[in-house]
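In listed order, ligands and their atoms are each counted from 1.
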Amino acid sequence: MLIESSPTGLTVHTPAKVNLFLNVIGKRPDGYHDLETVMLAVGLFDTLTFEILDRRDIELSCDLSALSDSPTTDAPVLSSGDDNLVVKAARLIQSEANVSAGARIGLLKRIPMQAGLGGGSSDAAATLVALNRLWNAGLSTQRLHELAARLGSDVNFFLDSPDLAICRGRGERIEARPLTQPMWLVLVKPAGGLSTRDVFQEWARTGTTSPLDCDRVIDAINDSDSSGLPHVLWNSLEAPARQLSPEIQATLGRLRACHRGGLLMSGSGPCCFAVCGSREEAETLAGRLSGTGMVAVVEGGGLAGGRRSC
Ligand code: C5P
């Protein structure tokens, strides 16, 4: 994530992710599922602004005008109340660090919601980092990670903000890995969203597990000969999500008709992506797909050390 000081507080640009590999290992006694996943941060950002309030209120306003879903579907909706993960993150810091101030938070959404791109988790991580700083709450990185894991399984990845990582457990145990070459992807989000919980429940009925391990996937990602990558892309949740949303099948079919490289659904879906060899290849593919829901060309990685401009 990129953090800038503003005249009134802080502005944070926080990225989306895709899962280049997501293996569900099995169901746990606590109802969650053990995973092994390779997550790649991608250059599609939500922007949050934070100002201190001298009363304990958390005021959130959401701007969804940049989300371009199909004109034939309903406009996206996001609560700005206590059920929003940003508000939950702010309240968690307030109570854990006994903060007497509040915050006015603006959230400009560019990352489609309920898409498998981690947008809500990314916003929550940005909130933890920004308010810990703005309120001088003094929570350590380890403490922020404990709070992140309470908020959701993907929040820890965005808190660390690596370009590439292997995530295990529920998804909250992060091992950053270097990304040694540029990656370009085309994201295609079919209309509508999917509930992560519903997709995991469907996996329990019909799902499968890959024999591959994450290190093999990282090697293929960083191999200068990229021909092996399409063969290691894997998502245990893709088949269950396709059962719940025929649109995913149709989107992957449209992608396959004009792309020979790797294709996969991200996270619990329904957003799908194509891995391309260059920016030019990605832009050409995106041009051929326009008119099929949200289509975006994004660079993978490039975020570590704040090198990326938004
Ligand atoms: O952790 P998060 O709130 O993002 O998860 C949403 C839902 O997805 C959980 O309530 C659970 O049903 C399911 N889930 C799971 N195993 C995981 C992550 C999520 O079963 N590792």
Side-chain angles (χ1 to χ4, degrees), residues 1 14-42 46 78-79 81-93 107 109 111-128 144-161 165-175 189 192-210 212-214 217 234-245 248 264-271:
M1 72 182 72
T14 194
K17 59 82 182 167
V18 295
N19 302 75
L20 296 170
F21 179 81
L22 193 164
N23 211 12
V24 182
I25 310 293
K27 194 163 183 182
R28 311 175 354 162
D30 64 3
Y32 282 87
H33 293 77
D34 273 319
L35 310 177
E36 285 186 347
T37 180
V38 174
M39 301 242 258
L40 174 75
V42 297
D46 283 347
L78 178 64
S79 157
D82 286 352
D83 50 343
N84 189 301
L85 217 46
V86 166
V87 177
K88 287 186 185 172
R91 294 231 182 274
L92 200 52
I93 296 214
L107 168 58
K109 290 292 302 175
I111 305 171
M113 300 176 297
Q114 287 202 310
L117 297 173
S121 302
S122 191
D123 299 338
T127 303
L128 290 178
L144 289 180
H145 268 287
E146 286 163 18
L147 302 187
R150 276 158 63 181
L151 288 165
S153 307
D154 289 344
V155 182
N156 297 77
F157 171 79
F158 294 105
L159 200 58
D160 278 352
S161 219
I166 297 175
C167 311
R168 300 182 206 273
R170 270 200 297 137
E172 85 287 14
R173 290 186 356 237
I174 315 299
E175 286 169 36
K189 189 201 155 279
L194 279 178
S195 142
T196 304
R197 187 194 168 93
D198 292 350
V199 178
F200 273 101
Q201 271 176 0
E202 186 66 25
W203 178 89
R205 275 199 291 279
T206 59
T208 49
T209 296
S210 164
L212 289 175
D213 70 44
C214 291
V217 180
W234 168 260
N235 186 344
S236 292
L237 298 178
E238 188 180 295
R242 274 197 258 123
Q243 293 291 321
L244 299 174
S245 161
I248 296 170
L264 198 67
M265 187 190 81
S266 181
S268 56
C271 192

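The backbone N or O of Glu36 sits nowhere less than 3.5 Å from a side-chain atom of Asn23 that would complete a donor-acceptor pair. A donor-acceptor pair under 3.5 Å is formed between the side chain of Thr206 and the backbone N or O of Glu202.
Residues Ser79 and Asn84 bring no donor and acceptor atom of their side chains to less than 3.5 Å of each other. Thr14 and Asp46 share no donor-acceptor pair across their side chains, judged by distance under 3.5 Å alone.
Heavy-atom proximity to atom 6 (C) of ligand 1, evaluated over Thr196, Leu237, Asp34, is greatest for Thr196.
The single protein non-hydrogen atom nearest to atom 18 (C) of ligand 1 is Ser153 OG, 3.4 Å, given as residue, atom name and distance. Looking from atom 12 (O) of ligand 1 to the surrounding protein, the closest heavy atom is Arg197 CG, 3.4 Å. The protein heavy atom nearest to atom 3 (O) of ligand 1 is Gly152 CA, 4.1 Å. Looking at atom 19 (C) of ligand 1, its nearest protein heavy atom turns out to be Phe200 CE1, 3.5 Å.
Contact between Leu35 and ligand 1 is present, with at least one heavy atom of the residue lying under 4.0 Å from the ligand. The closest approach between Gly169 and ligand 1 stays at or above 4.0 Å for every heavy atom of the residue.
In Tyr32, the parts holding a heavy atom less than 4.0 Å from any atom of ligand 1 are both the side chain and the backbone.
The pair Lys88-Asp83 fails the salt-bridge criterion, with no side-chain N (NZ, NE, NH1 or NH2) lying under 4.0 Å from an Asp/Glu carboxylate O. The pair Arg150-Glu146 does not meet the salt-bridge criterion, since no charged nitrogen lies less than 4.0 angstrom from a carboxylate oxygen.
Ligand 1 places these atoms under 4.0 Å from at least one heavy atom of His33: 15 (C), 16 (N), 17 (C), 20 (O), 21 (N). Residue contact check: Gly31 has heavy atoms under 4.0 Å from atoms 20 (O) of ligand 1.
Classified by interplanar angle (parallel below 30°, tilted 30° to 60°, perpendicular above 60°), the ring pair Phe200/His33 is parallel.
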